[in-house]
Amino acid sequence: KERFAQQAPTVFAFIRECARQARGYKRSSPLSLLLMDIEAQYVHGRLPELIAEKLGTDFPYYVIHDALYLPQEVDVDGLEF
C-alpha cells in the first residue's frame, strides 16, 4: 500500500477519496465498480493498441488478473507497457 502510494500518489489519493465518499455504501462498491470500469477500458481498449504499437502487429493475448499472456514466439525482452 505504501509503495503504491509512493509510485502513484495522485491515483492513490483519488482512490482514498472515493473510498471515503463511499462510506455508507456496501463496502466501497462504487469504488470497486469504478476501478473495474477503468481496468476494462485499459485491457480492452488501450492494451490492444499498445500491443500493436510495441510489437508492430496484433497478437492474440489474454489477461488473467494482472498478468498479460502473449504467444510464446513473441519476443518481449525489454518490452514495457
Side-chain angles (χ1 to χ4, degrees):
K1 188 165 147 179
E2 291 82 24
R3 186 173 175 201
F4 180 74
Q6 289 173 349
Q7 291 179 340
T10 305
V11 174
F12 186 77
F14 172 75
I15 291 170
R16 296 226 16 164
E17 179 59 20
C18 287
R20 186 189 69 75
Q21 290 182 21
R23 288 190 183 119
Y25 289 94
K26 279 177 46 180
R27 185 116 169 109
S28 299
S29 61
L31 176 60
S32 298
L33 294 172
L34 174 63
L35 293 176
M36 284 189 290
D37 184 54
I38 292 169
E39 180 182 24
Q41 288 178 31
Y42 178 77
V43 169
H44 299 291
R46 183 69 179 126
L47 191 57
E49 295 170 4
L50 288 172
I51 290 171
E53 178 183 308
K54 300 282 185 174
L55 299 174
T57 187
D58 288 321
F59 288 92
Y61 71 93
Y62 61 97
V63 176
I64 298 178
H65 299 290
D66 295 331
L68 168 66
Y69 294 90
L70 295 168
Q72 188 172 359
E73 64 271 8
V74 176
D75 181 19
V76 295
D77 288 338
L79 187 63
E80 292 185 22
F81 287 97

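By convention here, the first residue in the shown sequence is residue 1. Just so it is clear, the structure is predicted and the values come from calculations on it, not from any experiment.
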Engineer: In Å, rounded to the nearest 0.5 Å, how long is the span from CG of Leu47 to CD of Glu39?
Structural biologist: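 Result: 10.5 Å between the selected atoms.
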Engineer: As a quick check of understanding, evaluate side-chain contact (heavy atoms from CB on, under 4.5 Å) for Leu50 and Tyr42, giving each step before the final call.
Structural biologist: CA-CA 10 Å; Leu50 288 172; Tyr42 178 77; 3.4 Å; yes
Engineer: Would you compute the distance between atom CZ of Arg46 and atom CD of Glu53 and round it to the nearest 0.5 angstrom?
Structural biologist: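 It comes to 5.5 Å.
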Engineer: Run the side-chain donor-acceptor check on residues 4-17: report pairs under 3.5 Å with partners two or more places apart or on a different chain.
Structural biologist:
{"unit_1": "Glu17", "atom_1": "OE1", "unit_2": "Arg20", "atom_2": "NE", "d": "3.0"}
{"unit_1": "Glu17", "atom_1": "OE2", "unit_2": "Arg20", "atom_2": "NE", "d": "3.4"}
{"unit_1": "Glu17", "atom_1": "OE2", "unit_2": "Arg20", "atom_2": "NH2", "d": "2.5"}
{"unit_1": "Glu17", "atom_1": "OE2", "unit_2": "Gln21", "atom_2": "NE2", "d": "2.6"}

